[in-house]
Structure formats: structure tokens, C-alpha cells
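Quick note on labels: first sequence line is chain A, next is B, and so on, each numbered from 1.
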Amino acid sequence: MNRAILDALTPEQKEAVTHIEGPLLVLAGPGSGKTRVITHRIAYLLEQGIPDHQILGITFTNKAAREMADRLDRLVPGHQVWLGTFHKFCVRLLRRYAERAGIDENFVIYDTSDRQAVIKQVMDELGIDRTSLAPKLVETMISRAKNDFILPKQFAHRASSPLEEAVAKIYNRYETLMREQNALDFDDLLVLAATLLADDQQLRSTLDQHLRFILVDEYQDTNEVQYRIVRLLSQDEPHLCVTGDPDQSIYGWRGANIKNILRFERDYPNCRVVRLEQNFRSTASILEAANQLIRHNRMRKRKVLRTTKPKGQPVAVRCYANEHEEAEAIAAEIKQAVTDGRRTYGDFAIFCRIGALTRLLERALRAQGVPYQILSGVAFFERMEIKDVLAYLRLLVNPRDNVSFLRAIKSPPRGVGDTTLKRLTEWADALGLSCLEAAARADQLPGIRPAQRNALRAFAELFQRWRQQTDRPLAEQIRAIIDESGYLQWVAHQPEGEERQANIEELVTAAAEFEEETDSRTLADFLATSALTTDLDRWDPEQGAVSLMTLHAAKGLEFPVVYIVAVEEDILPHARSADSQEQLEEERRLLFVGITRAQEELYLSYARERSFRGMVSVTVPSQFLNELGIPVVDCSGRLGTHGDWDQFGANELHWLHSSRPNRQTTGRRSRSRSSTRRTMTGGTGATGAGHERAGSQTARAGTLGGNEELAIGTRVRHDRYGIGYVICVEGQGQTRRVRVAFSRHGVRSFLATKAKLEILR
DNA sequence: TGACTGTCTGAATAA
DNA sequence: CAGACAGTCA
């Protein structure tokens, strides 16, 4: 027996690790050694003589898969256990059983922008106005339907509004077009795999018996299709082990169903449940903050994280005058800590709710000469030049890929414009040809000029030539393509041409590496891998750089020092989450995930003002900050770059000055505002666990008539507009009106007795 | 007819 | 601050 496998495990961990047959649910709080349990369990299974090909480990990200593989390698060198994401697994399955799934094995994977192109095309074709129905909304609805395993037929059947009916039509046509082009979007990978397993009973049972031990990580973030796939493979051999934490479910917007983990015990009545609540990652202060926050969620299983670690440094909540100060202060602080020799750059991470916010931080870090790596923002494979080159490659692998055709033919410009392409597409459609085939026969295409005709033919000929060379190494093929198409030359003269060229070089290198590292050396596999590779997968913890990422990307990672910025209403929680309790709670879990990434130090911050669309807006500190019960440290003006700020909250003054001449009672307001410490339990936020907390003084609508609370400057919350400040009160009695300035919705006026305003103090 | 430029609008999270 | 679109020039 390999001692390392069971050494240094807690009794609970050991219980999970040594569980062999039958279903197992591991409820693992953050930092409780979940990855350790999974890898050690696999090692234990191998140790017990289970063949490695009978084990399948499914993770949420490639990075998690790689980390597990590394750890497992150390325990059991030379193992052949397949570890990867759901999407990767499905690609493999679909390539292998393409025929049974009813698709061509050379399918290409469309990303969101490709998918959007198809949706637009379909909408135009169906004559649906794109300004009244945003393609993006259509995309979301279709994606959601797929994740819920609702196919076009059922979708149409269920449609109960004009919107849904329109989307149903688009969805249906979209699917047809995708199959015609031999393209699959991300969701299709899951849907087709699930369909294949559901329909092909023989294949299902073969695979079920072959893949006896399935492990699924982050089970709280699985959606309906993923759930089906897992279930279909765990019937005859239900040795299914899932791990997860309902409090870390942050992909509800993507169709993840938190109920999957909550109903596991019902799905597998004889399952063993192991809870890991002991946290080995964070200091007591950090855990305390996490506990305080998450207990405000109503829909959860009660759970308290424990640690034996000391309190450590207190968690800090800081307030800056504006987003520039926030970024600069953080950059300066990080630099200082490294200069002092207390930390290395790799110890730090900065999280934000939205990717767009990283820009600012980036600039500040660069200005200070602090090395950093970004793990969101424009992903490598989504860069224009990369997508362009990939379009060529995809078209080569799959000549039916019209989206790629239309992309490739425009870059570099070949004198073929929209009019010609429209004619070509229609003609191709009528003849049942792909665009590329049609281009090859451009001689017969009526109604176009010789110049365009020749350009089309020349383009098609390029591909005929490249198709002869598919046995050459990938990197060579790619070089030939970027060279002979004239793309590389062209891109060099574009804005930021050098950087783009460098990126293309990187792509060539990636192809060469791919060929070396994997046993599959086809272009199709390389493309699939590229499509499923994210920024996060390029993250290098050893790089000695500050990591910048979104809260979503932070899941599963840990850092000694964590900064979470822009903890403001409308950002965290995000404005779009305002309309439902579920979404609000998901936002809270998102912050919870962020907080629990920190090992030793945690800093949350917000800025009083933040530029948005070129305009400066006043912000409102996040309600979550109040729930933490941590005093705010005012750091505004510390850097002296923005003059003297009113100590008590310059933002209220701004409201008054910019929206109304009335400037009475600022004194009272300022005091009430300067400390965010007071618990401001929202009607929506905290009726649950945290309700008994001291200081909760929430007044409900209706008390407004009483009017003493209505002093100018009172902080109120409106169901629809969020949090704002009273800037004016006029009239008496029944006609008394109150004007409120909301940070994102401007000034609104309400009848005092009717307004659904909740007073926050 | 294609390519380029200026203006406008509208902005989350990700495999 | 970027992507979409309309308008203009060649």
C-alpha cells in the first residue's frame, strides 16, 4: 500500500477517499481539501486494482483537470486516467461515435461570436428585425434552452409569448443551419452527447459499464444536460462520486442547477454523504467574514466553516474617492510589500466582478512596474487575428463552415464585398452548395463582375491546394496558410500589426506543441482544443506576477493576498441581478467565492465615484459590505491626486450640486453615510439567517408618510431602481412627493405615500 | 461596388 | 471605450 495516499488525511477525508463502490456525495466547503480528496481517491481506486480506463474524472475547467492530473501523477506515476471537462469529454465521445450521433466527425466548434453570426443570418433570413429583438437575447435564450435540454420542437411547443415564438422559429432554423454547416456550438456538444446516450441504449450501457467510476467536481455548477449525461453513465455501475458546495454555485445564469447537488441524495438513495467543513486555507478573520456574508442567503443548507488557524490580519474594507485612486493604491501597496521583502508578486490576486474593470488596474500596475497576468478580458483565442487564422483552418477542415468562409474571405480584403457575398450565399443556398463550393464555381454565378468572379475562384483554389498538404505537420500547414493567403503580410500593416503577428506566431507555436504533446495530430483536434481553451488555462501560478481576474475565474484558486475591487451596488451585486432573489443570492455567493480564495490577507474596496460610459457616476457601496459587519477605512485622497475630498462623503454633495440646487441638511446625511458599518439588512437580502443581527433597522414602505425619515439625503432602496438618495421632498400630505437620485437610473419622483421605498439607515 | 471613416449607441459572468 | 452602422470616396 502506498502510504502517501492515506497519510495526513482527516477522518472525513479518509472516509471519502476509501469509499469504493456505490454513490458518494462530498459536500466540501472552500479550502477543505476537496481536490486532495478527489486525487487521493482516484489513487486509492488504482491502488485497489481498478483499471485506470474505468475511471473518468470530470472537472469544470481545463486548469482544474491539469492540476488534478499533476497531483495524481505524483501519487501514481504513469496512470492513464482520463481527466477533463464535460465539453472535452463530449467532443471525444462525439468524434468517436460521430456516425451514431448523426454528425460528420470533422465538425467544428462555434464560439459565441460565430454563433451570433449565425443567429443574425437566420434573423435576416426570417425577416425578424434585429433592432427590436436583440440577437444577443436570442442567443441567451437558445443557449439556455439547450442547457435545460429543451430541443427546438419542445421549445416551440412551450412557447407562450410572441417573443418565445419568434425565438422558437430562430432556434429551429439555427439548428438546421448549424447541421448543414457541420458546426456545433458549445451547448451542442453537451446536448448531442446526451441525446446520443439517451437514444442509443446499447452504446449507453456499454459506456456505463466501461466507465465504472465517474467523478464529477463542482457538481453544484452542473446544468440539466450535464446532469443527464452523468446519470446516463451511472445506472448499471453507479459508483458515482460528486463533489461540490452549494454555497459556491455561481453559474446559475448559464443554466447550472443548484438542485442537482441538493437532490443527489434522492437520486441515489443509498449514497454515502461526507461533509468537509474544516478549512485549511484561510485565517479565522477571513473565514468569519465569509460566514457572516453567506448566512444572509436564504436558500441554502446551513453550514459553518471552521478553522484552527489564528485570526491573522483583520479583513479590511476600504473606500477610495474614485476608481483611479483605488487602482493606484492597490498597485502601490503591492509594490511596497514586495519591495519590503514581505511578499512576492505571485502572492497577490485582484478580483473584480466584470472583466472590463481589469483595464484600470492593469494600467496602474504597469505604471508602477508591477508584473501581472490577466485571466479574463479578451481571451487569446478570441482575438481578431487569431479568429481570422482559425477561420482559414476551420474552413480547411470543414469546407461547409460558411461562417468561417465569410470571415476568411474578408481578411485580407480581396475586393469581394457584401453585395457579391450576398449573391454568392443565395446562389449557394439555392443549389444546396456550401459557400466554398459555390466560390469554386463562381464562373457560373450570375450577376457579378469578372473581378469578383476571379477573386472568388482564386480563394477557392487556395483551399484546393492546401487540402493536398494535410499530411504535413500542423505548424507547417498553418504557416503555408497565413503566408499564401497573404494574411500575415496584410495584418502586419494593420494597427498594432506587430502584436498581432506575434500572436499568430504564438498560435503556430501552440500548434507545434499540441502536435508534440498529444497523440492526436489532426487539425480538427487542434481546433477543438483551441475552442475549448480559455484564458484561465494559460494561467501560470509560478510566473511571479500579480493575477488579475474576474470572480468567476477565481473559483478553485487560492492566493495569500486577495483584493476584491468595486464592491459597489450595480457592480457586485450586478445591476442585472436586481430583479430576483435567486440572482441576488448568486451574487452573494460570488463574493463568497472571492473571499474564500484568500489565505492570509483580504481587502475589499469600493470607490465613491466611478466613470461609466465616459460619464462620472456616484456609486453606492454594496449591500454585501454591510453584511460583513466590518468598519470601512476611508482611504480617499490618500494619494493626493484628486484634491481634497470631503471627509464625510463627497458623493452626496455631488448629487445635490448636480441634480438640485437644494443643499440643506447635508450635515446629517454626511454622518449617516460616512460609515457603512450599520447593518442595512435589505428586505430582499436578509430575511434569512442573518436577521437577528443587531442594528438591523429596516423600515418598510408605508412609514414614509410619517416623513421624519424623509430628510434629504436619506438612503432608500427601490425594488426596481436599486439604492439611491432622497434629494428633494415637496408638497404635503397625500400629494407629498419625494425625488430620489439613483446611481444608475437618474432622478425619479415618487408619491411619498405610495412609493415602494425602503428606508435604509 | 468595395473600402474606409466618422458617429452613434450601449456595455456580465464563460465552456 | 468598443462594435455597429450609415455615409462618402475611389
B/dT1 OP1/OP2 closer than 4.0 Å to side-chain N/O of A/Arg423: yes

Nucleotide of B/dA12, B/dG2, B/dA3 approaching A/Thr420 most closely (side-chain heavy atoms): B/dG2

Nucleotide nearest A/Ala553 when distance is taken to its side chain, options B/dT1, B/dA15, B/dA14: B/dA14

5′-ward residue of the pair A/Ile354/A/Leu532 relative to DNA chain B: A/Ile354

Set of residues satisfying side-chain hydrogen bond (donor to acceptor under 3.5 Å, both in side chains) with respect to A/Arg254, sequence neighbours excluded: none

Nearest to side-chain heavy atoms of A/Asp187, which nucleotide of B/dT1, B/dA14, B/dA15: B/dA15

For atom NZ of A/Lys410 and atom P of C/dA4, their distance in whole Å: 11 Å

Sugar-phosphate, base or nothing in reach of A/Ser577, heavy atoms under 4.0 Å: nothing

Of the listed nucleotides B/dA15, C/dA2, B/dA14, the one nearest the side chain of A/Phe186: B/dA15

Touch class at under 4.0 angstrom, heavy-atom based, for A/Phe86 against every strand present: nothing

Side chain of A/Thr419 (C-beta onward), nearest among C/dA4, B/dA12, B/dT1: B/dT1

Donor on one side chain, acceptor on other, A/Asn257 and A/Tyr227, under 3.5 Å: no

Closest nucleotide among C/dA2, B/dA14, B/dA3 to the A/Arg254 side chain: B/dA14

Nearest-nucleotide pick for A/Arg130, side chain only, options being B/dT1, C/dC5, B/dA15: C/dC5

A/Arg457-A/Asn454 side chain donor-acceptor pair, cut-off 3.5 Å: yes

Check: A/Arg353 side chain, B/dT13 base, donor-acceptor under 3.5 Å: yes

First of A/Arg449 and A/His87 reached from the 5' end of DNA chain B, by closest nucleotide: A/Arg449

Donor on one side chain, acceptor on other, A/Glu323 and A/Ser611, under 3.5 Å: yes

Of the listed nucleotides B/dA14, C/dA2, B/dT1, the one nearest the side chain of A/Arg359: C/dA2

Intermediate values then yes/no, ring pair (Phe, Tyr, Trp, His ring centres under 6.0 Å), A/His574 and A/Trp253: CA-CA 12 Å; A/His574 193 271; A/Trp253 51 273; over 10 Å; no

Atom-pair distance (CH2 on A/Trp490; P on B/dG2), nearest Å: 17 Å

Candidates B/dA11, B/dA15, C/dA2 - which lies nearest the side chain of A/Arg576: B/dA11

A/Trp253 ring over B/dT13 six-membered base ring, under 5.5 Å and 30°: yes

